[in-house]
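Note that this is a predicted model, so its numbers are computed, not measured. Lettering of chains follows the sequences in order, A, B, ..., and the numbering in each one begins at 1. Basis for what follows: all heavy atoms, side chains included, without hydrogens, waters or symmetry-related copies.
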Amino acid sequence: VRRIQARAPAFWLTLALQTACASRSVPPATGPCRISIGQDGKLNLVGLPALSADGARVAVSEPCDGPKGSPCLAILLFSVDGKVQDRLEVAGPSVSEGQIRRTNQLLSDGLFAPMTSLKLPFSAYDLNIVHLRVSDIAIHYGASTLIVDRDDHRLATVDLPTTVDCTGPRIVSLFFDDKTHTLAAEFEYQGVGCLDSPPGWRVLRFP
Amino acid sequence: MTDPPPPSSAPATPGKSNVWERAKGASVPHAPNCPNTSAVAEDWNFTRADYARVTGCGQKLTMASDSSWLPAQLQQNLLNTLDFVFGPTISPQATDGVNATDFFHGHLVIKKDSATASQMNAVMARAVRIVAVSTGDPAALTTARTALIGRVVKFSSGYPFVTDARSSDVQKIAGYKTAVENVEPSLGQVMSDAAQIPAAAVMYHTFEWHSPADAPTLDNDSPRRCFATPLDTNSPAPYTLPPGFQRYEGTHGEYEIVADLSFLVDKAGAVHVRPFDSTSGFTSLELSTITGAPFAASPGFVR
């Protein structure tokens with residue numbers, strides 16, 4: 001949310017990212033993960049990032065820059081091997097109701113459910129370093145590397161790219177699904193000259 | 001995340017560190033009414049009780065002799081901030097103590113202003129060359145560290161201060177201490193120059209690796225853990241993020257960071273300061289050059 005505000009202070013999207021949603025039995029129109037347009041015309045996102053019921057896909061929202069630098073918002077669908085399967089741009093210069101309907105249908109059909117947001121330590125904000133334990137795993141981030149360990153065994157390593165024009169990657173948020181051992185991590189690249197930053201989201205599955 | 005108790009952040013072999021620093025004459029003279037602290041076990045966790053013990057007899061915190069590289073203006077800045085953070089005007093308490101998981105560092109920052117941008121950029125570039133970026137210059141701290149350890153120090157490659165065929169943990173720390181001392185004069189000069197730029201300050205942070213027991217979800221921006229001490233006045237105050245800013249520093253922040261410093265306080269009330277480089281993903285490497293010992297990992301704190 002902060003990043004969108006930063007990129008375009010007058011941006012008309014309001015993102016209400018909520019992780020506490022109803023169960024998966026909720027009908028599509030009011031599903032646990034959905035996009036809607038409020039009475040004020042603003043866009044609301046609920047329950048993202050989310051994991052599909054079959055555990056095969058993760059949906060995240062990502063601010064983007066459209067033509068001529070106008071802000072936009074896209075929904076990315078990752079497979080759990082970290083590859084982007086689909087990208088649905090739901091808002092650009094105007095809201096695309098058709099894309100919103102399509103995205104909601106997709107989230108509904110896949111019975112997507114919100115992933116659990118992990119509270120990052122203050123060191124993430126201050127020093128861009130994270131060391132935290134959740135369930136039986138340890139998640140570490142620092143020096144542009146994300147690591148997942150269990151009992152001193154390395155389960156996953158992601159080396160994030162750095163660029164000359166952008167500072168970062170700064171870790172922004174972490175979301176976890178304990179049952180499937182799926183992690184979604186959001187990173188941020190900044191800088192006045194940072195016009196073509198690397199992808200902000202990383203999705204990984206570990207044993 | 002489990003809050004690590006302060007003792008878990010203490011050096012793995014605190015007894016060794018006592019010998020290290022005291023042998024180098026780091027303890028400070030005692031005021032006549034103060035108890036002799038030589039019998040107090042050094043755990044490198046200077047608590048509120050320690051502060052009360054030291055200052056309660058009329059003694060003040062002092063700078064240790066190993067920290068004379070820090071410009072006088074910044075020395076006073078740090079001493080004033082320690083007195084403020086430990087002092088009676090702060091409520092609720094702003095720190096559990098000076099140790100490797102709570103209160104151990106500050107950022108020398110300059111408020112962004114187009115009028116001083118070129119000066120700011122110049123000192124930032126000088127500081128980065130000295131400390132954070134491995135340019136291949138043998139004088140750079142990270143280059144020296146790589147040579148000392150035998151590989152680039154990065155947390156994903158493991159903690160560097162371990163005993164192996166190359167050398168013992170203590171020997172590696174001693175070698176790194178020399179590397180740190182080699183860059184201190186030049187970094188001190190950069191800090192001194194930066195301090196002359198208008199709106200320079202030091203931003204101090206407490207509760208770095210854990211939140212206070214009475215506020216487990218303390219906000220990142222909370223003025224309870226953020227203290228700004230302008231270098232023109234050296235008068236500390238809790239820092240509240242002004243409207244329109246998302247962070248205190250960086251692209252969307254009020255300030256830019258020029259250089260970082262880390263510190264510990266011994267039981268006699270002497271403040272030991274080092275440069276601070278967290279680009280490796282470790283936050284205690286320079287602190288080990290104060291204690292002379294490696295730090296133990298604990299939940300939420302991986303050295």
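There is a side-chain donor-acceptor pair under 3.5 Å between Thr229(B) and Thr81(B).
Highest contact tally toward chain B, considering only His140(A), Arg154(A), Gln190(A), is held by Gln190(A) [criterion: heavy-atom pairs under 4.5 Å]. Contact count versus chain B (heavy atoms, under 4.5 Å) is highest, among Cys194(A), Ala138(A), Gly191(A), Ala124(A), for Gly191(A).
The contact between Leu218(B) and chain A is made entirely by backbone atoms, counting heavy-atom distances below 4.5 Å. Residue contact with chain A, scored on non-hydrogen atoms closer than 4.5 Å, involves the side chain of Phe276(B) exclusively. Within the 4.5 angstrom heavy-atom criterion, atoms from both the backbone and the side chain of Ser156(B) approach chain A. Interface remark: Ser222(B) contributes no atoms to any contact with chain A (heavy atom separation under 4.5 Å). For Asp159(A), the part lying under 4.5 angstrom from a heavy atom of chain B is the side chain only.
Residues meeting the salt bridge (Lys or Arg N to Asp or Glu O under 4.0 Å) test with Asp86(A), sequence neighbours left out: Arg102(A).
Between Tyr248(B) and His205(B), the distance from one ring center to the other falls under 6.0 angstrom. Centroid-to-centroid, the aromatic rings of Tyr255(B) and His107(B) stay 6.0 Å apart or farther.
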Derivation of the ring pair (Phe, Tyr, Trp, His ring centres under 6.0 Å) call for Phe282(B) and Tyr159(B) = CA-CA 8 Å; Phe282(B) 295 111; Tyr159(B) 184 64; 5.6 Å; yes
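Counting heavy-atom neighbours within 6.0 Å of Asp136(A) CG, excluding the residue itself, gives a total above 12.
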